[in-house]
Chemist: 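Just dropping this structure here.
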Number of protein chains: 2
Amino acid sequence: MAQGDNRKVTLKDVSKASGLSLITVSRALRQPETVHADTRAKIQRTIDEIGYIPNLTARSLVSQRSDMIGVVVPILASSLFADFAQGVSHVLEPRKQQMLLAVSDWSPQKEEEAVRTFIARQADAIIVTGFSHTETTRKLLGKFAGPVVEAWNLRDRVMDCAVGFDNYAAAVDMTRYLIGRGYDNIVMVGGAAAHNDQAEDRTRGFIDAMRAAGRSVDADTIVEFDNPATLEGGVALLPKLMARKNPPDAIFFLAELPAHGAMMWCLSNGIDVPGEVAIAGFGDLSLSAILPVPMTTVQIKGRAIGETSAELVMARLEGVTDIPRTHDLGYHLQIREST
Amino acid sequence: MAQGDNRKVTLKDVSKASGLSLITVSRALRQPETVHADTRAKIQRTIDEIGYIPNLTARSLVSQRSDMIGVVVPILASSLFADFAQGVSHVLEPRKQQMLLAVSDWSPQKEEEAVRTFIARQADAIIVTGFSHTETTRKLLGKFAGPVVEAWNLRDRVMDCAVGFDNYAAAVDMTRYLIGRGYDNIVMVGGAAAHNDQAEDRTRGFIDAMRAAGRSVDADTIVEFDNPATLEGGVALLPKLMARKNPPDAIFFLAELPAHGAMMWCLSNGIDVPGEVAIAGFGDLSLSAILPVPMTTVQIKGRAIGETSAELVMARLEGVTDIPRTHDLGYHLQIREST
DNA sequence: TTTCCATTGACATACGAATATCATTGGCTC
DNA sequence: GAGCCAATGATATTCGTATGTCAATGGAAA
């Protein structure tokens, strides 16, 4: 028996220490009804004494089931993706599934590498965020026989399953709402849309709604900055926008943190919200409701997206087949005082 | 060869499809210098064609190395633990290590279950947050031969390695600072200390500093609420504290989010900060610096704790032994206008 | 022609859990 | 005493990758 490392204690060690055969110990653990209660008790005592923990690696090789779920998120810190990941974890944990987590930094190549690793590790299912993937990732996932969930957006073409909400429609609705409020000079602030279908769809939703309302859209209408979206980004941007010859009377941020940054800047600099400029965000982080001027935002359910994604893959893994492959968790325009 | 599932494509399939022996294919992948270049090219073409991805489960059984690191965090959403986990991930990813993530919800039992699973999955190292563990967890980690890091706090008795900062000293220093500013009625607001060594040490630091300064500490001085600490918790508490017959003139929050909530409430209700009440937090989330009244707080480096923890275990796994087992990343009193 | 070396292959085995199949043993019932 | 059944054991093998060791082959150099 290996000394001092519980990872190295094997069924063989239990067999020797208990004076019973290997097959009996295995039976006691896997088919207890075939082993006498006294024998089982003796085995359990031995297991407790020598600290045997089954090697799940070896088991998964035989059973063809790893009980691991791979999850890729673009970022974790200061974002709803943390809520999402926590939601996933809370569904997996009681079912004894282990989450493999990878952070892609919005890089499709890193996502690809993560997916390849999940496959190599025999993950039973894979959850990715969004629809922007490399061609290789698509191929890998296309040949992956387990459930695949693309989360955080909805599109017609889905690799397997999708859990999210319509980013395009959400942006259309918010833009329409702002137009309906009579704002003349609406500016949209978004993250880089390249490799980010969510940002792409939100941007397109904004543009389409503006054009449908006869509004012009030019370089001054859409302001773009790099991911990730930060508070500081919003703080830095606002003075520039307000210093324009023709400043905006409404700003629609396609992410929540920069909107918070903008709100802070306005509060700190005596800019009346929504009197001088209205501000709308996207995500409804907790802070939005408790700002001195509660902020209008698109409310989405990051945690629920995680939970639903995990529930969907678990159902699929348990053999349930008559479930919808697409789950629209919707969004909600949370209208507050900032607009 | 298995149809349609890239997880099922084996070395044997490559051998057959290339007309070369199993051992040659294996050699080409593992000891390329022993295989002719033309042969290697042929093998690589075959691998690309049939989509072979090595089964890391089987490999780890043989190699006795899983290249997986288990990480337990108490929560992910809206907390610096997300920064921490991201920091861990960023150090592991370039080294091709896979993070196994578990969320314990501040439950030592859940932490125990996670640790047991990491051991069963042959994780090469384990990173836990804090020093509060069940006795069983201590035993499991005591018999685990890989590196173990207890992160987010520092204490004299360490199971293996520790990466964090002195929560006790940080609270002492901030309390002393507030006392030195002349605040008469300082109230501390903290999360439940049970099973949470960080909260425990912060609370003890506050109490000790108060008593050392001849200040009384009673039920009105220390306000406790359940984990996790939320914005809404701070918003709900402030009116109660300010409605006291003898309201506090300074409030020291032992976590950052409730402090933000308190700041929002004061801003919304015309309470002058720090004129009527000073507010200090613990964590220095980004928002603290950009509030209309920038907030004083204990600055800690969540992400760096993650990175350092991961770097430490990687160094240990790579055989480096002459490295400190304890890394004090320190803290910093970030004094701003709220006090 | 002989020797040496690079390359490939055959064979056996390891890692640890799981299990199919047949055999053995003891106790109980008829 | 025979038959049956519960319980345990022996044997062989699987899962997929890795590797030690020896054998075989072809090509090049001396």
Side-chain angles (χ1 to χ4, degrees), chain A residues 1-2 5-43 46-47 50-68 117 119-124 145, chain B residues 1-2 5-43 46-47 50-68 117 119-124 145:
Chain A
M1 181 176 83
D5 189 357
N6 42 20
R7 291 174 297 181
K8 297 290 160 43
V9 183
T10 67
L11 213 50
K12 189 171 178 181
D13 300 320
V14 180
S15 171
K16 280 189 180 173
S18 62
L20 295 163
S21 72
L22 194 64
I23 184 62
T24 298
V25 177
S26 182
R27 279 190 185 124
L29 294 176
R30 308 296 287 171
Q31 303 167 46
E33 69 280 355
T34 63
V35 180
H36 192 270
D38 291 344
T39 309
R40 293 207 307 269
K42 181 176 183 180
I43 289 167
T46 306
I47 284 169
I50 70 176
Y52 167 71
I53 298 174
N55 184 331
L56 295 184
T57 292
R59 180 183 288 178
S60 72
L61 201 51
V62 177
S63 70
Q64 300 287 305
R65 182 72 190 254
S66 69
D67 290 338
M68 299 196 289
T117 299
I119 291 168
R121 294 192 181 280
Q122 309 284 304
D124 293 334
Chain B
M1 182 178 80
D5 190 356
N6 42 20
R7 290 175 296 183
K8 296 289 162 37
V9 183
T10 66
L11 214 47
K12 190 171 177 179
D13 298 320
V14 179
S15 171
K16 282 188 179 174
S18 63
L20 295 162
S21 72
L22 196 63
I23 183 61
T24 299
V25 177
S26 184
R27 279 192 186 123
L29 294 176
R30 309 297 287 171
Q31 305 168 45
E33 70 280 356
T34 63
V35 179
H36 193 270
D38 290 345
T39 309
R40 291 204 310 268
K42 181 176 185 179
I43 289 168
T46 306
I47 283 168
I50 70 176
Y52 167 72
I53 298 175
N55 184 330
L56 296 184
T57 292
R59 181 183 287 178
S60 72
L61 200 52
V62 176
S63 70
Q64 299 288 305
R65 183 72 190 256
S66 70
D67 291 339
M68 299 197 288
T117 299
I119 292 168
R121 294 194 181 278
Q122 308 283 306
D124 293 333

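Labels below follow one simple rule: chain letters A, B, ... track the order of the sequence lines, proteins then strands, and each chain is numbered from 1. FYI, side chains are in, hydrogens and waters are out, and symmetry mates aren't considered; it's all heavy atoms of this structure.
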Chemist: Over all strands shown, is B:Ser26 touching base, sugar-phosphate only, or nothing at heavy-atom distances under 4.0 angstrom?
Modeler: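 Base contact - B:Ser26 has a heavy atom under 4.0 Å of at least one base atom.
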
Chemist: Which whole-number value in Å describes the distance from B:Leu29 CG to D:dT17 P?
Modeler: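 Nearest whole value for this atom pair: 10 Å.
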
Chemist: Please tell me if the side chains of A:Val25 and A:Thr46 come closer than 4.5 Å, counting only heavy atoms from C-beta onward.
Modeler: no

Chemist: Could you work out which one of D:dT17, C:dA17, D:dT8 sits closest to the side chain of B:Thr10?
Modeler: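 Nearest to the side-chain atoms of B:Thr10, counting from C-beta on, is D:dT17.
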
Chemist: Quick one: B:Gln31 CD to C:dA6 P, roughly how many Å, whole number?
Modeler: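 Spelled out: CD on B:Gln31 to P on C:dA6 is 15 Å.
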
Chemist: Nearest whole angstrom, please: distance from the C1' of D:dT25 to the NE2 of B:His36.
Modeler: 15 Å

Chemist: Find the distance A:Ile43:CD1 to D:dA7:P and express it as a whole number of Å.
Modeler: 13 Å

Chemist: Which one, D:dA18, D:dA10, C:dG9, comes nearest to the side chain of B:Arg30?
Modeler: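 Looking only at heavy atoms from C-beta outward on B:Arg30, the closest nucleotide is D:dA18.
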
Chemist: Could you give the distance from CD1 (A:Ile23) to CG (A:Leu11), rounded to the nearest 0.5 Å?
Modeler: 9.0 Å

Chemist: Find the distance between CZ (A:Arg121) and CG (B:Asp67) and round it off to the nearest 0.5 Å.
Modeler: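 Reported to 0.5 Å precision, the distance equals 6.0 Å.
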
Chemist: Once you round it to whole Å, what is the distance between P of D:dT8 and CD of A:Glu33?
Modeler: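 About 13 Å, once rounded to whole Å.
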
Chemist: Within this structure, what is the CG-CG distance for the pair B:Asp13 and B:Leu22, rounded to the nearest 0.5 Å?
Modeler: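 Answer rounded to 0.5 Å: 10.0 Å.
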
Chemist: Using a heavy-atom cut-off of 4.0 Å across all strands, would you classify A:Leu56 as base, sugar-phosphate, or nothing?
Modeler: nothing

Chemist: What nucleotide among D:dA7, C:dG16, D:dT21 has an atom nearest to a side-chain atom of A:Asn55?
Modeler: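 From the listed options, C:dG16 comes nearest.
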
Chemist: Using only side-chain N and O atoms of B:Ser21, determine if any of them is under 4.0 Å from OP1 or OP2 of C:dG9.
Modeler: yes

Chemist: CG of A:Asp67 versus P of C:dA17: gap in Å, rounded?
Modeler: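 Spelled out: CG on A:Asp67 to P on C:dA17 is 16 Å.
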
Chemist: How many angstroms lie between atom OG of A:Ser63 and atom CD of A:Gln122, to the nearest 0.5 angstrom?
Modeler: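 Separation between the atoms: 10.0 Å.
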
Chemist: Answer whether the closest heavy-atom distance between the side chains of B:Ile43 and B:Leu20 falls below 4.5 Å.
Modeler: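 Touching, per the 4.5 Å side-chain cut-off.
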
Chemist: Closest nucleotide of DNA chain D for A:Asp38 versus for B:Leu22: which of these residues is on the 5' side?
Modeler: A:Asp38

Chemist: Picking from D:dT8, D:dC15, C:dA17, which would you name as closest to the side chain of A:Gln64?
Modeler: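 Out of D:dT8, D:dC15, C:dA17, the nucleotide with an atom closest to A:Gln64's side chain is D:dC15.
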
Chemist: Rounded to whole Å, please give me the gap between CZ in A:Arg65 and C1' in C:dA18.
Modeler: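 After rounding, the gap between these two atoms is 17 Å.
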
Chemist: What's the CD1-P distance between A:Ile23 and D:dT11, to the nearest Å?
Modeler: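 Result: 13 Å.
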
Chemist: Using the side-chain heavy atoms of A:Val62, tell me which of these nucleotides is nearest: D:dT8, D:dT14, D:dA18.
Modeler: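 It is D:dT14.
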
Chemist: For the base of C:dG16, is there a side-chain donor-acceptor partner from A:Arg7 under 3.5 Å away?
Modeler: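 Result: no qualifying N/O pair found.
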
Chemist: C:dG9 phosphate, OP1 or OP2: any side-chain N/O from B:Thr24 under 4.0 angstrom?
Modeler: yes

Chemist: Quick check on DNA chain C: between B:Gly19 and B:Ala58, whose nearest nucleotide comes earlier from the 5' end?
Modeler: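 This one resolves to B:Gly19.
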
Chemist: Any idea which of D:dG16, C:dT21, C:dA17 is nearest the A:Leu61 side chain?
Modeler: D:dG16

Chemist: Counting only side-chain heavy atoms from C-beta out, which of D:dT17, D:dT8, C:dT8 sits nearest to B:Val35?
Modeler: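 Closest nucleotide among those given: C:dT8.
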
